[in-house]
Number of protein chains: 2
Amino acid sequence: MAGTPRERAREQTLSDITLIGRRQLGEVGAAALSLRAVARELGVVSSAVYRYVANRDELLTLLVVDAYRELGDEVDAAVDSAPQAALGRFTALAGAVRAWAVREPSRYALLYGSPVPGYEAPAEQTTTQGTRVVTLLAHIVDDAWRAGNLHGAAGPAPTRLAGDYRVIRDQLSLAAPDDVLAATVQAWSALFGAVSFEVFGQYGTDTFSDPDALHDYTVARLAAQLGLRDVGVQDAQGTA
Amino acid sequence: MAGTPRERAREQTLSDITLIGRRQLGEVGAAALSLRAVARELGVVSSAVYRYVANRDELLTLLVVDAYRELGDEVDAAVDSAPQAALGRFTALAGAVRAWAVREPSRYALLYGSPVPGYEAPAEQTTTQGTRVVTLLAHIVDDAWRAGNLHGAAGPAPTRLAGDYRVIRDQLSLAAPDDVLAATVQAWSALFGAVSFEVFGQYGTDTFSDPDALHDYTVARLAAQLGLRDVGVQDAQGTA
DNA sequence: TTGGAAGCGAGAGCACTGCTCTCATTCTCC
DNA sequence: GGAGAATGAGAGCAGTGCTCTCGCTTCCAA
C-alpha cells in the first residue's frame, strides 16, 4: 500500500498518536490535552513526538479533522439509509449529529464549542471535512425545493445578503432561491444550538426528563419551519 | 458600608482579582487563564492570591458569575428601554445578547461555549445570575400570551415533557400552555445557536458580509416562529 | 493593656506542562 | 560500503497549579 517501510511506520505512528490523543481528549478535554501524556502512552520520550507533530496545536488540528471525518461519515450513513423523502433525510441528519455529539461530547466541543484561544484551525486542512454536514443539509433542502416539496412560508431573505447567498448557491451547486437558503442557514444554527445546549448542559442538569423527546420535538419544529412536509410515495421513489 | 477595614480590604482585593482575571480572560482565554499571571499583575507573589481564591476553578466561578451578571444587566436595560410590545422586547433581548457576545467573546464562551473539563460551575452561586436571560425571555412570551398577542402555529408540545413544563411554569410563575413554553425553549436555544455560530466563527470567516443583517433576519424569523406580531397602539400603551 | 488568634504576604519547593537542543543510533538510498 | 536523513533519548529552560512554612500585622477579647 504505502511506500518504504519507514513511511509506513511513520504513518502508523501518526495514526497511533491521533488515536491516543482522541482518547485523552475524551478524558481530560482539549484544554488539558498533553503532548507529554501522549508520549508516555506511546512509550516514548516527549521530544520524540515532536518528530511527528510540530506542536500541540498541530495535534489539535489532527483531532479536529479526525472528528469532522467521523461525524461526517456517520451523518452520511444515517442519511443514506433514510427514506428518500426530505423530511426523513433531515430527521436522520439531525439525529445522527445529536447522537454523535452526545456520545463524543469532548470531540463535539472541539468542533462546535468555544474555539481554543490562540489556535486557528488551518482552513486548508479542516474545511473539506468541516463543511460536510452543512453541505449535506443544504442539498437535502435544495433537492426538496427542486422536487417542489417545500411548502413553507419562509419569509423574505435579507436583500443585503443576496451576494452572499449567490456565492453559497454557486459553490454548492444549489438551485433554491435566497429565502430558502436563508431559512436553511437559520435552521442549521438552530439545530446546533439545541444540540450544544443539550451536550453542554445549558438546559440544566435535570430540567428535561426525556432528552430524546425534546430532540424529536425540536427537529420536527425545525423541519416544519423549513417547509418540509411528509410527502407521498411519488417522492420516495426518487427523481430517476 | 462594609464592616472592619480588613473586610473592606479583602473585598477590594477580591474585586481586583476579578477585574484582572476578566482582562486576562479576554486576552488569553479561559484555558490559559493563569493564577500566577493574575498574582503578578496584582503585584503579589502567587501563593498570596490563594488567600482569596481557593484554586483556579474558584476564580473561574467568580468570572462566570461576573459575566452572567453583566450580560443580565445589559439585557435587562435593553428590554426595559424597548417599547412594551412583545416583538420589540424580544428583539431588544436578542440584540443585547448578541451585542454583549460579540463585544466579549471570551466571556461569552465561558458561559455558553464548551464547558471547561473537570470544572463544574457550582449551581448555588451561578444559577441566580445564569438564568436571568431565559427567565426574562419566558416572561416576555408569557406576557404576550396573557395579553392575547401570540398568534402563532406552535404545534403541539411533546406530551412526554408535560411534567417538565409544569415545573418550569410553576417556578417562573408563567401562565402560557405547554406548546408556548416548548416553542420558547426552542427559540431560546436557536437564538444562542445563531449567536454562538457568529461569535465562534462557524459561519466561516467571510461567508456573510453583513453580520448585522444576518442577525436581524434570524431574530425576525424566531419572533415570527414564536407568533410574536407587531401589534397596534393599544399594546404599546401597556396594560395599566 | 496585653496576650493569643486570625489574616496575610513571601519564599521555597514539588510535580507537571510545552518546547528546544544536542547526541547517538538506525535505516535508506546511491 | 558510505553519505545523509530519519529517529529516539536525555538534559534543560521557562512556565504552570498548588502546598507548606515562616514571619509580620491586625484584631479582639480577657
Side-chain angles (χ1 to χ4, degrees), chain A residues 1-18 20-21 23-25 27-64 106 110 116-122, chain B residues 1-18 20-21 23-25 27-64 106 110 116-122:
Chain A
M1 219 155 263
T4 74
R6 203 166 226 176
E7 276 172 0
R8 290 191 59 239
R10 182 173 187 84
E11 207 164 327
Q12 178 62 46
T13 304
L14 252 169
S15 140
D16 288 350
I17 289 175
T18 307
I20 294 172
R23 270 213 325 100
Q24 290 226 347
L25 191 67
E27 289 169 7
V28 299
L33 190 120
S34 158
L35 256 172
R36 285 185 116 110
V38 170
R40 263 197 305 277
E41 194 168 330
L42 197 63
V44 106
V45 90
S46 79
S47 63
V49 310
Y50 283 89
R51 300 288 183 190
Y52 299 89
V53 167
N55 48 39
R56 216 189 76 118
D57 284 0
E58 199 173 296
L59 175 59
L60 277 181
T61 301
L62 240 51
L63 297 175
V64 166
S106 304
L110 187 64
V116 182
Y119 166 71
E120 190 89 23
Chain B
M1 220 155 263
T4 75
R6 204 165 227 178
E7 277 171 359
R8 290 191 59 241
R10 182 176 184 82
E11 208 163 328
Q12 178 62 46
T13 304
L14 251 168
S15 139
D16 287 351
I17 289 175
T18 306
I20 295 172
R23 271 214 322 100
Q24 290 227 348
L25 191 66
E27 290 170 5
V28 300
L33 189 119
S34 158
L35 258 173
R36 287 186 114 109
V38 170
R40 263 196 305 276
E41 193 167 330
L42 197 61
V44 103
V45 89
S46 80
S47 62
V49 309
Y50 283 90
R51 300 285 183 194
Y52 301 89
V53 168
N55 47 39
R56 215 190 76 118
D57 284 0
E58 199 173 296
L59 175 58
L60 276 181
T61 301
L62 239 53
L63 297 176
V64 166
S106 303
L110 188 63
V116 181
Y119 165 71
E120 191 88 21

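Residue numbering restarts at 1 for every chain, and letters A, B, ... go by the order of the sequence lines. Everything quoted here is computed from the prediction, not taken from an experiment.
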* Under 4.0 angstrom, heavy atoms only, what part of the nucleic acid is B:Val45 near: base, sugar-phosphate, or nothing? -> base
* Hey, is the side chain of B:Ser46 poking within less than 4.0 Å of OP1 or OP2 on D:dT16, counting only N and O atoms? -> no
* Nearest-Å distance for atom pair CG/C1', residues B:Leu33 and D:dC18 -> 15 Å
* To do: Whole angstrom is fine here: how far is it from CZ in B:Arg10 over to C1' in D:dC27?
  => 15 Å
* B:Tyr52 OH to D:dG17 P: how many Å, rounded? -> 18 Å
* **Exercise: identify the closest heavy-atom pair between B:Ala31 and A:Ala31** => CB-CB, 3.8 Å
* To do: Find the distance B:Leu59:CG to D:dG17:P and express it as a whole number of Å.
  => 9 Å
* For A:Thr61, enumerate each residue passing the side chain to side chain donor-acceptor pair (under 3.5 Å) test, keeping only those at least two apart in sequence or located in another chain. => A:Tyr119
* Structure fact -> A:Asp16 atom CG is separated from D:dG8 atom P, nearest whole Å, by 11 Å
* To do: Check whether any side-chain heavy atom of A:Leu63 sits under 4.5 Å from a side-chain heavy atom of A:Leu33, and report yes or no.
  => yes
* To do: Name the first nucleotide and the last nucleotide along DNA chain C (5' to 3') that come under 4.0 Å of a heavy atom in chain A.
  => C:dT17 to C:dC29
* Using the side chain to side chain donor-acceptor pair (under 3.5 Å) rule, collect all pairs that involve residues 48-60 of chain B, keeping only residues at least two apart or in two chains. => none
* To do: Assign each of A:Leu35 and B:Val44 to its nearest nucleotide of DNA chain C by heavy atoms, then name whichever residue's nucleotide is nearer the 5' end.
  => B:Val44
* Asked: Is A:Arg56 touching bases, backbone alone, or none of the nucleic acid, heavy atoms closer than 4.0 Å?
  -> sugar-phosphate
* Structure fact -> By side chain to side chain donor-acceptor pair (under 3.5 Å), B:Ser47 pairs with (sequence neighbours left out) none
* side chain to side chain donor-acceptor pair (under 3.5 Å) partners for B:Gln12, two or more places apart -> B:Asp16
* About how many Å separate CZ of B:Arg10 and OG1 of B:Thr13, when rounded to the nearest 0.5 Å? -> 8.0 Å
* To do: Report yes if a side-chain nitrogen or oxygen of B:Ser34 is closer than 4.0 Å to either non-bridging phosphate oxygen (OP1 or OP2) of D:dT16; otherwise report no.
  => yes
* With rounding to the nearest 0.5 Å, note down the distance linking CD in B:Gln24 to CD in B:Glu41. => 5.5 Å
* To do: Under 4.0 Å between any heavy atoms, over every strand shown, what does A:Arg36 touch: base, sugar-phosphate, or nothing? Just pick one.
  => base
* To do: Note the angle between the end axes of the helix from C:dT1-D:dA30 to C:dC30-D:dG1, five pairs defining each, rounded to 10 degrees.
  => 10°
* Asked: How many Å lie between CG on A:Leu14 and P on D:dA6, as a whole number?
  -> 14 Å
* Asked: What distance separates A:Leu35 CG from A:Arg40 CZ, expressed to the nearest 0.5 Å?
  -> 11.0 Å
* **Upstream residue (5' side of DNA chain D) when B:Asp57 and B:Arg51 are each assigned their closest nucleotide** => B:Asp57
* Structure fact -> Between A:Tyr50 and B:Gly43, the residue closer to the 5' end of DNA chain C by nearest nucleotide is B:Gly43
